[in-house]
Amino acid sequence: MDQYRFSEIEKKWQERWEASGVFHAEQPCDGKVPEKPKFYCLIEFPYPSGQGLHVGHPRSYTALDLVARKKRLEGYNVLYPMGWDAFGLPTENYAIQHRIHPATVTRENISHFRRQLKSLGFSFDWSREVNTTDPNYYRFTQWIFLQFYKAGLAYKKEMSVNWCPSCKVVLANEEVVEGCCERCGTETTQRVKSQWMLRITDYAQKLLDGLDDVDFISRVKTQQRNWIGRSTGAEVYFATTAGDALNVYTTRPDTLFGAMYMVVSPEHELVEKWLDEGIIQNAADVRAYQDEAKRKSDFERTEINKDKTGVRLEGVDGINPVNDEVIPIFISDYVLTSYGTGAIMAVPGHDDRDYEFAKVFDLPIRCVVEGGDITEFAFIDIDTGIMMNSGFLNGLHVKDAIVKMTDWLEENNLGHRRVNYRLRDWVFSRQRYWGEPIPMVYCETCGWQPLPEDQLPLLLPEVKSYEPTDTGESPLASLTEWVNTTCPRCGGPAKRETDTMPQWAGSSWYFIRYTDPQCETAIASREAMEYWLPVDWYNGGMEHTTLHLLYSRFWNQFLYDQGIVPVKEPYKRRTSHGMILGENGEKMSKSRGNVVNPDDVIHEYGADTLRLYEMFIGDFEKPAPWNTSSIRGCSRFLERVFDLQNKLIDGDSYRSDLETLMHQTIKKVSYDIDHLKGNTAIAQLMTLINRFYDAGSVNQAEYKTFLLLLNPFAPHITEEIWERQAFGGRVTDQSWPVYDEEKTKEDEVEIVIQVNGRIRARVMILRDMPEEDVLKIARENENVAPQLAGKQELKAIYVPGRLVNIVVKA
RNA sequence: GCUCGUGUGGCGGAAUCGGCAGACGCAGCGGACUUAAAAUCCGCGGGAUCACCAUCCUUGCCGGUUCGAGUCCGGCCACGAGCACCA
């Protein structure tokens with residue numbers, strides 16, 4: 001018998017799979033729907049970076065490859081596609097540095113990635129490959145943008161945005177992590193720029209509600225819920241001595257009697273108005289504070305534990321609507337312009353931040369909720385507090401007081417119920433070259449005009465320099481020929497938008513394109529979308545929970561509302577994998593020098609071993625450190641699988657002493673693949689092969705089942721053995737093994753006998769032996785009897801097939 | 001600070017419903033084979049006391065419920081992730 005030559009075997013089968021198209025999904029066509037039920041599994045398509053694949057990528061791809069391969073054997077028409085999320089900064093930066101066109105860099109990176117992925121033997125349907133930088137693809141990304149625009153959900157707005165001075169680009173809130181650029185770590189600053197925005201806040205409630213109907217792991221749901229950040233409360237109308245109404249948002253209207261002052265954000269429009277009108281007596285101080293706030297980066301402004309600062313607006317006061325008290329108004333940067341009304345009522349007795357501010361400015365603090373000691377700290381407990389010093393609310397519990405006060409405000413026209421979300425609109429423009437051009441034209445007479453749909457795609461023009469500019473202008477802005485165009489409405493001179501879309505655009509709908517990637521008339525045909533959507537199972541990284549996952553749900557919900565996509569929610573089930581860490585337990589990165597290249601592993605051990613190890617490495621949902629010596633265990637296992645051919649004997653049914661284990665293994669492996677527990681599935685297969693070796697042989701029926709169960713993990717070696725042993729056809733043509741629940745149970749089982757919870761004996765019994773017989777055996781057991789002698793038996797418990805516990809008293 | 005998650009041998013981890021803790025693998029030790037080594041095969045393998053039999057301890061810590069707790073409840077501690085002046 002040959003040795004296990006994985007390189008030859010893997011190359012051979014990869015070529016055959018490619019030539020036969022065995023993993024191509026069957027497409028519904030002209031009203032004919034495939035007979036097999038569909039199953040759509042999806043992994044997050046990669047960004048084809050210059051570094052190539054690292055061993056973290058295949059963890060997710062392998063896990064769903066197991067599902068895809070198993071589902072095919074179970075008779076499903078499986079869609080398991082792959083593509084490229086190829087617009088983006090690293091490619092553009094590399095292109096600038098090496099003076100190569102980003103399209104060329106992208107093409108090279110993709111072919112590198114594609115070769116690497118193919119060498120792992122994934123059962124992707126390569127005929128459906130999509131590429132977000134392909135004009136035939138981004139044409140529809142632009143088309144979707146136009147639908148947003150037409151629906152009033154895309155708008156251009158002058159606003160303060162996050163700016164990365166190193167990448168020279170605007171960032172979305174989701175791309176700023178702890179005040180720094182998610183990509184390069186540089187501290188971000190604020191810039192006022194005119195930006196295209198997508199009104200994702202209009203979908204805040206739908207995005208929240210949709211979570212109830214989908215099967216996402218709970219940490220994903222919680223994280224999205226937190227990010228959306230729904231809160232309920234009231235908007236309260238305060239009057240001012242200047243005559244203007246000053247509305248505030250609060251979640252604690254019950255504490256209105258404790259409002260001792262008001263705070264507005266430094267950018268609040270009324271401040272400008274009052275300054276202009278000259279009502280504010282300390283205008284210079286106010287202006288100075290505004291300037292200071294403007295200069296601060298977002299990070300500095302939101303840094304916690306810093307001392308509260310602010311300036312009182314002298315000359316204007318607020319009037320508390322519940323008791324007509326005249327209270328001072330401050331500006332302070334602890335109140336955010338972009339949340340609520342940009343103004344608050346401050347209740348220092350019952351809010352930590354207001355308390356701190358009141359201490360700094362030596363303002364009076366009134367207790368309106370009994371239960372704490374406000375000389376020490378703000379009392380914020382809403383479960384135990386009882387109202388006091390609050391007129392008609394006195395004696396009520398906080399929760400009842402909130403309702404009563406809100407009703408009162410509405411009855412007296414002094415406020416109304418309000419829901420607020422932490423989620424902000426999505427900043428959708430980037431001042432860079434390598435992205436989808438935004439298909440909008442600005443005309444002096446007609447304003448912003450959408451490009452007619454028949455003019456899509458709006459191609460990225462050739463440009464000499466991709467260098468971003470410090471002024472925050474896109475490199476496209478210097479292309480006067482491209483920029484100058486005619487207005488689609490009046491035909492007069494007009495200018496194109498020169499910003500491009502963010503990287504998250506293309507990935508927001510790629511799962512739709514996969515259903516019909518060549519469609520030229522629409523994002524996909526109705527027929528294809530109706531057959532394939534929603535995605536049955538989507539696996540990806542936790543880092544995309546508040547970015548890609550939320551954005552793509554938003555796009556899908558919008559397209560559903562427009563009647564374009566047939567499903568409300570795009571993903572039925574979402575799971576998430578843990579990161580693969582370097583051998584030292586740290587995150588894999590070039591700078592740490594702990595990156596493992598899959599090419600090297602494949603060269604040394606083969607793709608099947610790599611796949612197996614990726615699944616065996618540990619709990620799929622948790623991070624796991626790479627361990628080079630552990631791979632040997634997986635490679636040794638496959639060698640044993642291969643060598644089992646030498647121990648093959650005839651037999652078309654499982655031998656009786658192996659039958660139970662065979663059925664147990666089928667059950668366990670089937671369950672484990674569906675629950676992302678590859679590690680225990682492999683452990684079970686190892687247990688089984690150890691039994692074959694103990695028996696000194698394996699028969700054909702047993703070997704066939706074993707190979708089918710192993711096939712999703714190690715597809716090349718199993719096909720090869722199947723062919724060599726002439727088991728008939730290909731593994732890919734077979735059916736997934738079935739088990740008989742009755743046969744998974746041993747006839748004879750070992751049970752333990754405990755006395756007062758301590759194990760005193762182990763005995764073999766027949767599985768269905770009646771309880772009284774088992775207890776009799778237990779009491780008479782030579783190790784148990786002495787423990788019972790002379791003691792009073794209080795209770796005897798028998799857990800069928802597991803244990804007996806006899807409780808005695810001395 | 002808030003939200004979520006996780007703590008089990010030297011290591012990765014298993015225990016799916018409250019019922020034998022440590023499956024499977026790695027590393028290690030002993031043996032076989034070999035001139036030798038590698039590879040392979042067989043055996044051992046949480047800790048303590050112990051010649052052996054055996055006994056006791058053990059799932060981050062403290063307590064509780066239960067005949068029985070890694071698993072359930074309460075309170076701590078540690079680590080990780082996300083959010084972070086969102087009123």
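Because only heavy atoms are used, hydrogens play no part in the values below, and waters and symmetry mates are left out as well, while side chains stay in.
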Pairwise salt bridge (Lys or Arg N to Asp or Glu O under 4.0 Å) hits with a residue in residues 674-691 of chain A, at least two apart: A:K70-A:D674

Which donor-acceptor pairs under 3.5 Å do side chains of residues 758-769 of chain A form with protein atoms, sequence neighbours excluded?
residue	atom	partner	partner atom	Å
A:R767	NE	A:E746	O	2.7

Which residues share a side-chain hydrogen bond (donor to acceptor under 3.5 Å, both in side chains) with A:E771, sequence neighbours left out: none

Of the listed nucleotides B:U55, B:C24, B:C41, the one nearest the side chain of A:R640: B:C41

Worked check of ring pair (Phe, Tyr, Trp, His ring centres under 6.0 Å) between A:Y261 and A:F361: CA-CA 11 Å; A:Y261 61 100; A:F361 287 83; 8.3 Å; no

No-H, no-angle donor-acceptor pair, A:R632 side chain to B:C26 base, under 3.5 Å: no

Syn/anti state for B:C20 [syn: chi within 90° of 0]: anti

B/S/- contact track for nucleotides 9-17 of chain B, protein heavy atom under 4.0 Å: ---BSS-B-

Minimum-distance nucleotide (side-chain atoms of A:N690 versus B:A87, B:C24, B:G19): B:C24

Sugar-phosphate, base or nothing in reach of A:V752, heavy atoms under 4.0 Å: base

Nearest-angstrom distance, C1' atom, B:G9 to B:G47: 9 Å

Contacts of type side-chain hydrogen bond (donor to acceptor under 3.5 Å, both in side chains), residue A:D215, not counting sequence neighbours: none

Parallel, tilted or perpendicular: rings of A:W426 and A:Y551 (30°, 60°): parallel

Nucleotide of B:A87, B:A84, B:U40 approaching A:R422 most closely (side-chain heavy atoms): B:A84

Can you give me the N/O atom pairs linking the protein to nucleotides 71-76 of chain B at distances under 3.5 Å, or say none if there are none?
none

Value in whole Å for how far the C1' atom of B:A87 lies from CZ of A:R418: 12 Å

Face-on cation placement of A:K308 at A:Y334 ring, 6.0 Å and 45° thresholds: yes

Nearest listed nucleotide, side chain of A:R762, among B:C20, B:A87, B:A84: B:C20

B:C41 phosphate, OP1 or OP2, under 4.0 Å from A:Y693 side-chain N/O: no

Nearest-neighbour nucleotide for the A:T222 side chain, B:A87, B:U3, B:U40 considered: B:U3

